[in-house]
**Q** 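Handing you a structure now.
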Amino acid sequence: MSFFTGSQQRNQRGLWVTWESQRRNAGISTALEFEFACFEHDTLYPPIRYVVSILQTLWAFLRYRPAVVVAQNPSIVLACTSVLASRMFKFRCFIDAHNAGIRPSEGNSKVLMKIARWLQKSAEGTIVTNHELAHVVEKNGGNAFVLPDRVPVPPLETGPKQLGGETNIVSIGTYSPDEPFLEIIKASEILVEEGFHFYLTGDNRKCRNIPISRNVTQTGYLPELEYWGLLMGADIIVDLTYRSDCLVCGAYEAIALGKPLVLSDTQVNKSYFSTAAMYSSNNAESIAEALRDARSSLPLLRPQMEEARAKLTEKWKTQLNHLKHAMGLSAFHGITQ
């Protein structure tokens, strides 16, 4: 799939390019008032997918002739294409680097790590979600700009899904190696007689042979509106990671909905989300205890989430303005709401 949004005029001040659909891309590009180009070809074999995506990306540079380009990393191929093309098309290239863009393959590939460091040095700037990642970029000789995800606006077209438990827990994940999904499943077993029902999102084919207790529903990947409906129906949202320097997407979604939230007990999470969340170690006993505490504190947590949403939204706008200034966009009018 490929699509463009925005006006079709040439010489726009900015273009955001990605090879996957993701909420962060759409949220920040809209706020910057950039053209948005997404080239997503998941059904094609990798060599063909890369060739088609590279050609479409180069055509986008030629078509829009942007002054500034932001390219998502991953894909590291897209990031390299954009940095190299910036010299030909004469635009300023920024990379929006997720954790896997800073440490591809969890840092286990020397070749990919060398490319990642080269990208950080060669790009005009690297946008990351937190100061821990910014320190890595700066250590590698790059210019870092901190901008977490934008707190999203939930869709008006859907309502809460009716869920079956006394206390409904939605655990957001993809069953990736950086997620303690096995510990979450163990926590569900600990709580099986306490009225908790767990809804686990993501590709459950990755744990087909793992026994699942009766208070767990594996949803698989859901269409956008169904996913939001599931979150709206939750009493508590959980989003955990083994990465010590990762701000997970589900945290912003929970804050957008004012839902009580349990996150991994990391300094990065505590520094940014503060009292907007409860925190747990990534083991079953700690997760179960955090959920018990969250359930007993629901009347107190909901007003805190509303307050956190307002504070984080204002903080994000300030950080966005810093990035706009670095991109030379400070003369343009304010942030799109």
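We're numbering straight along the sequence, starting at 1.
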**Q** If you measure from the Lys or Arg side-chain nitrogens to the Asp or Glu carboxylate oxygens, is any gap between Arg243 and Glu132 under 4.0 Å?
**A**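 Salt bridge between Arg243 and Glu132, a charged N being under 4.0 Å from a carboxylate O: no.
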**Q** Examine the side chains of Ser21 and Glu40 and answer whether a donor and an acceptor come within less than 3.5 Å of each other.
**A**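 A donor-acceptor contact under 3.5 Å links the two side chains.
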**Q** Taking a hydrophobic cluster as the set of Ile, Leu, Val, Met, Phe, Trp and Tyr residues connected by side-chain heavy atoms closer than 4.5 Å, whether directly or through intermediates, do Leu222 and Ile184 fall within one such cluster?
**A**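 Cluster IDs for Leu222 and Ile184 differ.
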**Q** Exactly one of His135, Arg117, Gln120 should register a side chain to side chain donor-acceptor pair (under 3.5 Å) with Asn140. Which one does?
**A**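 Between Asn140 and the candidates, side chain to side chain donor-acceptor pair (under 3.5 Å) is satisfied uniquely by Gln120.
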**Q** More than 12 heavy atoms of other residues, nucleotides or ligands under 6.0 Å from NZ of Lys121: is that the case?
**A**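 For Lys121, atom NZ is not crowded (no more than 12 foreign heavy atoms under 6.0 Å).
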**Q** Looking only at heavy atoms, which two atoms of Pro148 and Gln319 are closest? And how far apart?
**A**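 Nearest heavy atoms, Pro148 then Gln319: CD-OE1, 3.3 Å.
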**Q** Strictly distance-based, threshold 3.5 Å: is any side-chain N or O of Trp16 a donor or acceptor partner for the main-chain N or O of Ala26?
**A**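 No.
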**Q** Closer than 3.5 angstrom, by distance alone: can the side chain of Thr201 be matched with the main-chain N or O of Gly173 as a donor-acceptor pair?
**A**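 Yes; judged by distance alone, with no hydrogens or angles, the pair exists.
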**Q** Check for me, please, whether Tyr279 and Ile237 land in the same ILVMFWY cluster - side-chain distances under 4.5 Å, paths through other members count.
**A**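 Yes, Tyr279 connects to Ile237 through the hydrophobic network.
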**Q** With a 4.0 Å cut-off on N to O distance, would you call Lys270 and Asp265 a salt bridge?
**A**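 Salt bridge present between Lys270 and Asp265.
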**Q** Verify side-chain contact (heavy atoms from CB on, under 4.5 Å) between Leu133 and Thr126, making sure each step is shown before the conclusion.
**A** CA-CA 10 Å; Leu133 294 178; Thr126 301; over 6 Å; no
**Q** Could you verify whether a donor N or O on one side chain and an acceptor N or O on the other, from Thr174 and Ser176, lie under 3.5 Å apart?
**A**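 The criterion, which ignores hydrogens and geometry beyond distance, is satisfied for Ser176 and Thr174.
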**Q** Do Glu306 and Arg309 sit within salt-bridge range, that is, some charged N less than 4.0 Å from a carboxylate O?
**A**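 Between Arg309 and Glu306 there is a salt bridge, with a charged N closer than 4.0 Å to a carboxylate O.
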**Q** Please say which of Asn215, Asp235, Asn168, Thr217 ends up in a side chain to side chain donor-acceptor pair (under 3.5 Å) with His197.
**A**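 Exactly one option meets the side chain to side chain donor-acceptor pair (under 3.5 Å) with His197, and it is Thr217.
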**Q** Checking the side chain of Gln218 only, and the main-chain atoms of Gly220 only, is there a donor and an acceptor separated by less than 3.5 Å?
**A**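 No.
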**Q** Would a hydrophobic clustering, with Ile, Leu, Val, Met, Phe, Trp and Tyr connected at side-chain separations under 4.5 Å, put Phe91 with Trp59?
**A**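 Same hydrophobic cluster.
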**Q** Would you mind checking if Arg103 and Glu106 are paired as a salt bridge, meaning a charged N to carboxylate O distance below 4.0 Å?
**A**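 Looking at Glu106 and Arg103, the cut-off is not met.
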**Q** Under 3.5 Å, is there a donor-acceptor pair between the Asp245 and Asn99 side chains?
**A**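 Side chains of Asp245 and Asn99: pair found under 3.5 Å.
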**Q** Are Tyr252 and Phe273 an aromatic pair by the rule of ring centers under 6.0 Å?
**A**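 Between Tyr252 and Phe273, the centre distance is under 6.0 Å.
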**Q** I need the Thr129 OG1 to Asp96 CG distance, nearest 0.5 Å.
**A**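 If I round to the nearest 0.5 Å, the distance is 9.0 Å.
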**Q** Going only through I, L, V, M, F, W and Y residues with side-chain contacts under 4.5 Å, is there a path from Tyr221 to Ile212?
**A**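 Different clusters: Tyr221 never reaches Ile212 through Ile, Leu, Val, Met, Phe, Trp or Tyr contacts under 4.5 Å.
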**Q** Should the pair Glu193-Arg214 be classified as a salt bridge under the 4.0 Å nitrogen-to-oxygen rule?
**A**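 Here Glu193 pairs with Arg214 in a salt bridge, since their nearest N and O are under 4.0 Å apart.
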**Q** Please evaluate residues Thr219 and Tyr227 with respect to the criterion side-chain contact (heavy atoms from CB on, under 4.5 Å), reporting the C-alpha separation (whole Å), side-chain torsions for both, the decisive distance (0.1 Å), and the verdict.
**A** CA-CA 9 Å; Thr219 69; Tyr227 175 72; over 6 Å; no
**Q** Could you check whether any side-chain N or O of Asn282 sits under 3.5 Å from a backbone N or O of Thr241, counting only pairs where one atom can act as donor and the other as acceptor?
**A**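 Pair found, side chain donor or acceptor close to backbone of Thr241.
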**Q** Is a side-chain N or O of Asp203 found less than 3.5 angstrom from the main chain of Tyr175, in a donor-acceptor match?
**A**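 Looks like no, no N/O pair under 3.5 Å.
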**Q** Quick one: do Trp19 and Phe61 end up in the same hydrophobic cluster if we chain Ile, Leu, Val, Met, Phe, Trp and Tyr together by side-chain heavy atoms under 4.5 Å apart?
**A**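 Yes; Phe61 is reachable from Trp19 via cluster members.
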**Q** We want to know whether Ser286 and Asn283 form a side-chain donor-acceptor pair, criterion being a heavy-atom distance below 3.5 angstrom.
**A**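 Per modelled atom types, Ser286 and Asn283 side chains form no pair under 3.5 Å.
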